[in-house]
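What you see is a predicted model; the values in this text were computed from it and never measured. Order of appearance sets the numbers: ligands from 1, and atoms from 1 within every ligand.
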Amino acid sequence: MFSRLAAVLVLLAGLLVVAEPQAATAAALGDVVPVPVSVQPASGVTFTLASGATISSDDTSTGDYLAALLRRSTGYALPITSSAGTIALLLSGADPNVGSQGYQLDVTATSVTIRAQTATGLFNGVQTLRQLLPPAIESATVRPGPWTVPGGRIVDYPRFAYRGAMLDVARHFHSVATIKNYIDRIALYKINYLHLHLSDDQGWRIVIDAWPRLATVGGSTQVGGGAGGYYTKAQYQDIVAYAASRQITIVPEIDMPGHTNAALASYAELNCNGTAPPLYTGTDVGFSTLCTTKEVVYTFVSGVLGELAALTPGPYLHLGGDEASATSASQYAAFLNRVQPMITGLGKAVMGWHNIGASGVNASAGRVVQFWGTTTSDSSVTNAVSQGAKVVMSPANKAYLDMKYTSSTTLGQSWAGFIEVQTAYGWNPGAYLSGVASSAILGVEAPLWTETIVTEDNIEFMAFPRLPAIAELGWSPWSTHDWNAFKARLAQQGPRWDVMGIAYYHSPQVSWPVTNRYEAESATLSQAAVATNHTGFSGSGFVDYANVTGSYVQWSVTSPGGATSLKIRYANGTTTNRPMDVFVNGTKVVSATSFNGTGNWDTWATKTLSVTLTAGTNTIRAVATTANGGPNVDYLET
Ligand code: ACM
């Protein structure tokens, strides 16, 4: 009797316990990704951005960019002044070590000063300042602050000149808006090249005036048979200009002579047999080739490259050159020996996958080969380097963002292995390939192929947090390389991504700070039971839905308002998916989403939903929609 009463009291006490929100620790001066070269904190000094602050800038566009960013979330006027602002961006007085991309940041109790030799350097300094401000600075709506920055001096500059990301817009087409969002996100990590894979077997994504069917026919589908799409020249120029405003150079790729089915389907004359194959919506590689012995193919390539060069202020045209298994080695070399000079003749340098370093392919001035292999030695790379080429490092088993994180990742591929965050971070681009000196390494690039990547959320999930890991390899000195230090800094990016609405992978290798956690057992319940007869849940219990349609768990969430990601932790031991509807303030935001089986009632998974909350109190309700009830629910996090 007594022990039963005690048990009930313990249970009741447990119901009142809400897991304490683990406060995100205030940024220290070095809490930046990529980690800066030199950090000298000023002990006890902080700067707080106040409503009367002003901004001055020797570079108008960087000053405007910073002001726009800070005005959104602070609500302050932050006028641009010609006299020295509270935040001053100066193109003079920087430590000479900063070079053409680096910056010096000085934070005192009353001012923030970024000095650089170029607008690029100022922009990179602004990205560091952004990360030193609280995560709420990323909010699209006004937040209360305080907007505090740790005091001291940072002097910072990149290890490698080229720090790239690649998006495959051919396998699945991605809109201009999606690309702009990706540009904004990669800029935060000082990525300075975005390589767009504009053509492949499944799609041709850029208008070429002289060959209009490339876009209208070749662009008309994608993997899986969807509608595909293409960029008009105006849209493409808009992407190029938007990237430039973020100090990012677009590298356009037209993949050839293989990976060309979309072009071959658009123009019969590019095929050796003069017959256009059907459009292709599968995911095989290595079956297509331009007919390298036909003169019209060179007219075609020259026309395409000419129009592409006219849209490209950047230094590189990427000609692909990978997986040309349907082209003989001699024809491959002969083809490239005609195409490479077309690119240099247009005033651009050749970039290509490392296969273009094959013997028989001539050197080309300023050539860059992109290593995508899974080995640590490659004769095509060493051959190209011996001819003077530079190398961009994208080893597929380290840097490919389309590889699954683990065997249980739903999205992505695994032919190059699983790439958890520690694997993505754990290699040295300057000393990776035997026989290739670090002086030959131009930089790194993280490619995201999109055979399985359809939505913007898919892109975010695969890129974050691995893209910042690759960005740090490209920027930070090797002497700073330290997984434990990196993962602690990376964890602090999580709340920032939450505010930005980035649907990132919550890698269990990283201790992500929890912004707010609401335990299910302390929520309002209807027809659902609190249970403790399982393992692995947090708090004192979890909600075990009764077998009644309409059972719900309802949380009351206080928010500053705006785009927010909600994470619901649940377990579902059945193989049948158990759906829940999720309502925010009475509006259904997720309709009968399948909370997929986790394989075991003690195996918990987190589902992230992107929602918009109102300022103040929000009611969030998860409702079971089948007679079998819903999954077990552990907590909601914002
Ligand atoms: C590649 O992954 N085929 C470059």
Give me the ring orientation class for His197 and Trp449: parallel if the planes are under 30° apart, tilted from 30 to 60°, perpendicular past 60°. perpendicular
Residues in side-chain hydrogen bond (donor to acceptor under 3.5 Å, both in side chains) contact with Glu323, at least two apart in sequence or another chain: His259
Who are the residue neighbours of ligand 1 when the rule is a heavy atom under 4.0 Å from any of its atoms? Asp322, Glu323, Trp353, Trp372, Tyr400, Trp449
Here the salt bridge (Lys or Arg N to Asp or Glu O under 4.0 Å) pairs for residues 289-304, sequence neighbours left out, are Glu295-Arg338
Could you walk me through whether Tyr405 and Ser507 pass the side-chain hydrogen bond (donor to acceptor under 3.5 Å, both in side chains) check? CA-CA 8 Å; Tyr405 289 95; Ser507 167; over 6 Å; no
If the plane angle is over 60° it's perpendicular, under 30° parallel, otherwise tilted; pick one for Tyr425 and Phe486. parallel
For Gln202, what residues pass the side-chain hydrogen bond (donor to acceptor under 3.5 Å, both in side chains) criterion, not counting sequence neighbours? Arg171
